[in-house]
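One structure is given here, and the rest of the page talks about it.
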Amino acid sequence: MIDVKLLQKNFDETAAALMRKKVSADTIAELKSANETLKSAKQSFETLQAKQNELSKLFGQYKKEGKSTDELKIEVDTNKITLNDLLEAQRAAEEALDAIIMRVPNIPDTDVPDGEDEESNVELRKVLTPPTFAFTPKEHWELAEKNGWIDFERGVKLAKSRFSVVGGMGARLERALINFMLDFNRERGFEEFSVPMLVNRRALEGTGQLPKFEDDLFKVEEEELFLIPTAEVPLTNLFQDEIINASDLPIKMTGYTSCFRKEAGSGGRDVRGMIRQHQFHKVELVAITTQDQSDKVFDEMVACASDLLSALGLPHRLVTLCTGDLGFGAARTVDLEVWLPGQNTYREISSVSNTRDFQARRARIRYKDEGKNILAHTLNGSSLAVGRTMIAIMENFQQEDGSIVIPAVLQKYL
RNA sequence: GGACAGCUGGCCGAGUGGUCGAAGGCGCACGCCUGGAACGCGUGUAUAGGGCAACCUAUCUAGGGUUCGAAUCCCUAGCUGUCCGCCA
């Protein structure tokens, strides 16, 4: 959630920043007026409430002194009617503001490049050189089926399309990757957590998936619980409503979970193979930091994910997302794209974002510094999407006969 | 899933209709005391919003109700505990 006060105090600048993220001028104007309405509604209510409180005290005093309370009661009763109206007006104003602000995205950092879509993303650097092949490299689904690693048909039988089954060496590789990643992250100072994969509405509002993106989530109806789309949700919300000692920051966490996404709106894209599944595995990095620390920790997280890819021998590149490609809650994002020889292109395998205080304001994650409570900064990044890492390993390390050479660092995990 | 009990500030705990944002204790901070510390003594110590400020409003799990007035009474939900049932 953005800081409404910022909009109020510094309208032109804040509005311009929001418009970079395609928030319409109308929405911004509505936001401002909703906030002003709420403010004045609150003031009228509180003034009258103060008076009512005072009269109530008098009432008690009169009773004690044996004075008549008849006149007082009339006044108090009339006030109460107005008070109820004012309260209702205040509530309506609160709801109106909420309805708008919960759907307004974060303000991008000033140095984030402008742009409509991924075309305007800026490549930071390439790491490792894509391999050359003496034959035509195959795509991962062909390799996966050939090696008996992935069974796409049976996944559909068990659930529906975009589900798959991983078996044999594929399953062992998956498990090895998860363990390798968790160990790697722990060595970089990220403590491991194992968290719920179903969470409530409040948690998803805290990290920004709700209320705007409910259609993307799988929901357990009777329980009012949702399957997590990323471990970012439970890990970040671990500190929901908490006030952390500044000296305990930064808190750096990692965790492995399955992730569940409806992939609504991506119909037709990546239908083949396991690039885009309803259920996938991911090892996540999350950090809670002071406001001064977040830039440094952001770089650490990007480095962690990139070094992980390098350790696996996977060529990749780092890309700064432009404003148009930035997610809802992110102030800045660096994507890591891995080289896929079969597709002859780089594909996203990790995304590291600094949300600054956007999630912290929603989830009320604060720290105490010199007696003051300050909104924390929260960051998240994948390290890495396991399925896509498997795809990258298959495609990059494939041999002419379709067999796959497993990276040396994984040997001890197999 | 059933029955019963509970949920008060960082923590423990008092408080059954007004003067209660809440006694007392612990913890913490500062000061005194000390060679230094412990002990002791004193002072302070929730959050959010509004106002330059005095101050005002809200918050005793949450939501609703009764009342002029609710931490306190009633209802609902959530959570915790205990027993029973079920179960990896």
Side-chain angles (χ1 to χ4, degrees), chain A residues 1-9 31-98 100-102 194-206 210 219-226 234 237-249 251 257-258 288 357-376:
Chain A
M1 187 157 72
I2 62 153
D3 186 359
V4 214
K5 279 193 224 161
L6 207 63
L7 186 72
Q8 209 66 58
K9 252 193 290 187
L31 190 57
K32 184 168 186 278
S33 91
N35 186 46
E36 282 161 358
T37 306
L38 174 61
K39 221 170 136 174
S40 74
K42 259 191 172 161
Q43 273 165 2
S44 335
F45 172 74
E46 285 181 5
T47 310
L48 191 63
Q49 181 63 258
K51 189 172 180 209
Q52 192 74 335
N53 287 347
E54 206 171 303
L55 291 176
S56 280
K57 266 184 199 165
L58 260 186
F59 198 98
Q61 200 182 312
Y62 279 20
K63 279 269 184 198
K64 214 178 259 176
E65 292 169 359
K67 280 195 194 163
S68 161
T69 54
D70 295 353
E71 256 176 66
L72 248 190
K73 178 134 169 57
I74 293 166
E75 193 179 351
V76 152
D77 284 347
T78 21
N79 267 357
K80 199 175 177 182
I81 295 164
T82 321
L83 210 48
N84 277 335
D85 291 346
L86 289 177
L87 181 62
E88 206 149 300
Q90 187 192 315
R91 275 191 191 162
E94 254 162 21
E95 261 172 48
L97 176 63
D98 244 35
I100 303 168
I101 200 166
M102 287 296 275
S194 177
V195 289
M197 296 189 214
L198 274 78
V199 296
N200 58 33
R201 189 170 283 275
R202 173 79 214 283
L204 286 154
E205 282 169 353
L210 289 180
K219 184 177 178 189
V220 184
E221 287 292 346
E222 328 75 66
E223 294 283 347
E224 189 68 15
L225 290 172
F226 298 83
N237 278 288
L238 238 31
F239 294 91
Q240 174 198 104
D241 275 330
E242 294 194 22
I243 298 166
I244 306 158
N245 282 328
S247 58
D248 292 336
L249 296 177
I251 293 169
T257 67
S258 293
I288 317 268
D357 62 11
F358 184 83
Q359 292 179 328
R361 185 171 291 107
R362 291 169 159 245
R364 293 168 49 86
I365 302 170
R366 292 165 295 175
Y367 61 94
K368 200 171 270 288
D369 196 13
E370 290 173 12
K372 289 193 104 178
N373 292 336
I374 302 167
L375 287 171

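By convention in this document, chain letters (A, B, ...) are assigned in the order of the sequence lines, proteins followed by strands, and residues within each chain are numbered from 1.
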Can you tell me how far [atom1] in [N] sits from the matching atom in [M], rounded to whole Å?
N: B/rA46; M: B/rG10; atom1: C1'; answer: 9 Å
N: B/rA70; M: B/rG17; atom1: P; answer: 14 Å
N: B/rC20; M: B/rU8; atom1: C1'; answer: 12 Å
N: B/rA71; M: B/rA3; atom1: P; answer: 30 Å
N: B/rC12; M: B/rC86; atom1: C1'; answer: 36 Å
N: B/rG21; M: B/rU59; atom1: C1'; answer: 9 Å
N: B/rG15; M: B/rG2; atom1: P; answer: 33 Å
N: B/rU45; M: B/rG24; atom1: P; answer: 12 Å

Does [N] have a Watson-Crick or wobble partner in any strand here, with both distances under 3.5 angstrom, and which is it?
N: B/rC30; value: B/rG42
N: B/rG17; value: none
N: B/rA54; value: none
N: B/rA22; value: none
N: B/rG85; value: none
N: B/rU66; value: none
N: B/rA77; value: B/rU61
N: B/rG9; value: none

Inset, instruction - Please work out if A/D77 contacts a base, only the sugar-phosphate, or nothing of the nucleic acid, heavy-atom cut-off 4.0 Å. - result: sugar-phosphate

Inset, instruction - May I ask you to say what A/R91 touches in the nucleic acid, namely base, sugar-phosphate or nothing, with a heavy-atom cut-off under 4.0 Å? - result: sugar-phosphate

Inset, instruction - Run the numbers on A/V220 and A/F226 for side chain to side chain contact (heavy atoms under 4.5 Å, CB included), then give the verdict. - result: CA-CA 6 Å; A/V220 184; A/F226 298 83; over 6 Å; no

What's the [atom1]-[atom2] distance between [X] and [N], to the nearest Å?
X: A/R202; N: B/rG78; atom1: CZ; atom2: C1'; value: 14 Å
X: A/I244; N: B/rG10; atom1: CD1; atom2: C1'; value: 14 Å
X: A/Q52; N: B/rA70; atom1: CD; atom2: C1'; value: 15 Å
X: A/L83; N: B/rG69; atom1: CG; atom2: P; value: 9 Å
X: A/R201; N: B/rG78; atom1: CZ; atom2: P; value: 16 Å
X: A/N84; N: B/rC68; atom1: CG; atom2: P; value: 12 Å
X: A/F59; N: B/rG69; atom1: CZ; atom2: C1'; value: 8 Å
X: A/E65; N: B/rG18; atom1: CD; atom2: C1'; value: 13 Å

Inset, instruction - For each nucleotide in nucleotides 44-57 of chain B, reading 5' to 3', give B when a protein heavy atom comes within less than 4.0 Å of its base, S when such contact involves only the sugar-phosphate, and - otherwise. - result: ---SSBSS----SB

For atom [atom1] of [X], decide whether the heavy atoms of other residues, nucleotides or ligands shown that lie under 6.0 angstrom number more than 12.
X: A/E54; atom1: CD; result: no
X: A/K63; atom1: NZ; result: no
X: A/E71; atom1: CD; result: no
X: A/K219; atom1: NZ; result: yes

Legend entry - Phosphate OP1/OP2 of B/rG18 contacted by A/K57 side-chain N/O (<4.0 Å): no

Inset, instruction - Return no unless some side-chain N or O of A/K80 is found under 4.0 Å from OP1 or OP2 of B/rG69. - result: yes

Legend entry - Student check: side-chain heavy atoms of A/K51 and A/T47 closer than 4.5 Å: no

Legend entry - Heavy-atom side-chain proximity of A/L31 to A/L97 below 4.5 angstrom: yes

Inset, instruction - Take A/K32 and A/E36 through the salt bridge (Lys or Arg N to Asp or Glu O under 4.0 Å) test and state the conclusion after the steps. - result: CA-CA 6 Å; A/K32 184 168 186 278; A/E36 282 161 358; 3.2 Å; yes

Legend entry - With A/Q240 via side-chain hydrogen bond (donor to acceptor under 3.5 Å, both in side chains) - residues at least two apart: A/R202, A/N237

